[in-house]
Amino acid sequence: MTIYRAKDYQDMSRKAANILSAQVILNPASVLGLATGSSPAGVYKQLVEWYKKNDIDFSGVTSINLDEYKGMAPDNLQSYRFFMQEHLFNHVNINPANTFLPDGLAADTDAECTRYDDVIVSRGGIDIQLLGIGHNGHIGFNEPSDTFDTGTHVVPLAQSTIEANKRFFDNEEQVPHHAFTLGIGTIMRARHILLIVSGKAKADIIRTAFNGPVTPLVPASVLQLHSHVTIVGDEDALSKLM
Ligand code: F6R
């Protein structure tokens, strides 16, 4: 595991964007596993800036997002599809046909999970998986549980996740209670994991996940077993990591 200590959120974003950018330069046909939320927003902003300067070319890239709210249309402002369009896809030359998220509106959720897993296999697997981490240790929407889930599945969101995500909605009632997420098995099969984390509020969970035991009660702890993990965190988030 390699840990890069960044000064602050901006420095974290720039360092992580450098790693993703290097991946795309070394392999222009890279499959990027992407995340949404506050943590990666700065990374995408930086990548868009570099794209505009002709420093990075997304034309051969495939993107596979981690998750999507169940029941949410792609043009809903809170959907993860909308987030990705706004923060990255609309601003770079990625082929829209090569951008994948679970279909939040899929009527047959089992079929949608199978379809999504098949997409990942057909693209040759994920080269680098960008991850944020929830306050309860979730990665993707793999919430604390008794077992590690393998493939794409639908999960009920933990109450703490609903509360953390309500900042993006007008009120808590609007936060969906279920989401599609890649499973831990699929995340662990990514060839490189890039976890980004910022802020004092994440310091405890970072210590628990990486200095504590590997347990599905802290889903991110499983990353201790992956052979190629890079953590880029700011000083506050890494302040309790030993
Ligand atoms: C988002 C995702 C989540 C977030 C996590 C942290 O696609 O899969 O696991 O990475 O909830 O969210 P932020 O970055 O908003 O603190």
Side-chain angles (χ1 to χ4, degrees), residues 6 8-10 12-13 16-17 20 32-46 63-70 72 74 76 78-89 99-104 116 120 126 128-145 148-149 152-169 175-184 186-188 190 193-206 208-209 216 218-223 229-234 236-238:
D8 50 23
Y9 178 82
Q10 206 185 339
M12 174 202 80
S13 302
L20 286 172
L32 307 181
L34 299 179
T36 56
S38 307
S39 307
V43 176
Y44 299 144
K45 187 162 177 272
Q46 182 64 77
S63 71
I64 311 263
N65 262 80
L66 273 171
D67 39 22
E68 178 60 283
Y69 288 120
K70 182 172 177 315
M72 208 169 261
N76 186 308
Q78 313 301 344
S79 76
Y80 285 176
R81 164 58 78 177
F82 192 87
F83 177 100
M84 290 309 300
Q85 293 297 141
E86 285 288 293
H87 285 83
L88 185 65
F89 302 155
T99 67
F100 296 95
L101 283 94
D103 174 5
Y116 207 63
I120 297 169
I126 295 169
I128 185 165
Q129 176 64 59
L130 180 63
L131 292 177
I133 181 171
H135 293 98
N136 60 2
H138 73 213
I139 47 176
F141 274 133
N142 293 280
E143 302 284 20
S145 100
F148 289 118
D149 277 293
T152 302
H153 57 292
V154 173
V155 280
L157 302 188
Q159 187 54 33
S160 61
T161 301
I162 292 171
E163 269 158 35
N165 287 5
K166 73 180 179 199
R167 68 191 193 278
F168 298 116
F169 294 80
V175 187
H177 284 208
H178 291 83
F180 288 90
T181 181
L182 286 199
I184 293 289
T186 308
I187 292 172
M188 288 296 279
I193 302 280
L194 173 58
L195 185 128
I196 54 173
V197 61
S198 155
K200 264 199 171 47
K202 299 268 177 84
D204 283 326
I205 192 60
I206 285 291
T208 306
V218 184
S221 66
V222 75
L223 299 175
V229 175
T230 303
I231 300 180
V232 183
D234 66 12
D236 284 343
L238 300 184

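Positions are given from 1 along the sequence. For ligands, and for the atoms within them, numbers begin at 1 and follow the listed sequence.
- The backbone N or O of Q78 lies less than 3.5 Å from no partner atom in the side chain of Y69, so there is not a single donor-acceptor pair.
- Within ligand 1, counting atoms from 1 as listed, the ones closer than 4.0 Å to a heavy atom of D67 are 1 (C), 2 (C), 7 (O), 8 (O).
- For ligand 1, the atoms sitting less than 4.0 Å from at least one non-hydrogen atom of G132 are 10 (O), numbered in the order shown with element in parentheses.
- Every atom of ligand 1 is numbered from 1 in the order shown, and the set under 4.0 Å from a heavy atom of L66 is 8 (O).
- S79 is listed as a side-chain neighbour of E68, based on a closest heavy-atom distance under 4.5 Å.
- For T161 and H138, the side-chain atoms include at least one donor-acceptor pair closer than 3.5 Å.
- Two residues are said to be in side-chain contact when any heavy atoms from C-beta on lie closer than 4.5 Å; P40 and H87 fail this criterion.
- Contact check for Q129 versus T186: no side-chain heavy atoms found under the 4.5 Å cut-off.
- Considering backbone and side-chain N/O of R167, one or more are found under 3.5 Å from N/O of ligand 1.
- Protein heavy atom at the shortest distance from atom 9 (O) of ligand 1 is G140 O, 2.7 Å.
- The 12-atom threshold is exceeded at CD of E163, counting heavy atoms of other residues, nucleotides or ligands nearer than 6.0 Å.
- Of all protein heavy atoms, the one lying nearest to atom 5 (C) of ligand 1 is H138 NE2, 3.4 Å.
- Here the side chains of L34 and L101 are not in contact, with every heavy-atom distance at 4.5 Å or above.
- Where the criterion is an N or O separation shorter than 3.5 Å, residue side chain and backbone included, L131 fails it with respect to ligand 1.
- Contacts of N165 with ligand 1, taken as heavy-atom pairs under 4.0 Å, are absent altogether.
- Residue, atom and distance of the protein heavy atom nearest to atom 6 (C) of ligand 1 are I133 O, 3.4 Å.
- At the shortest separation from atom 14 (O) of ligand 1 among protein heavy atoms lies S39 OG, 2.5 Å.
- Between L238 and I231 the shortest side-chain heavy-atom distance falls below 4.5 Å.
- Note on ligand 1: K202 sits in its first shell, one or more heavy atoms being nearer than 4.0 Å.
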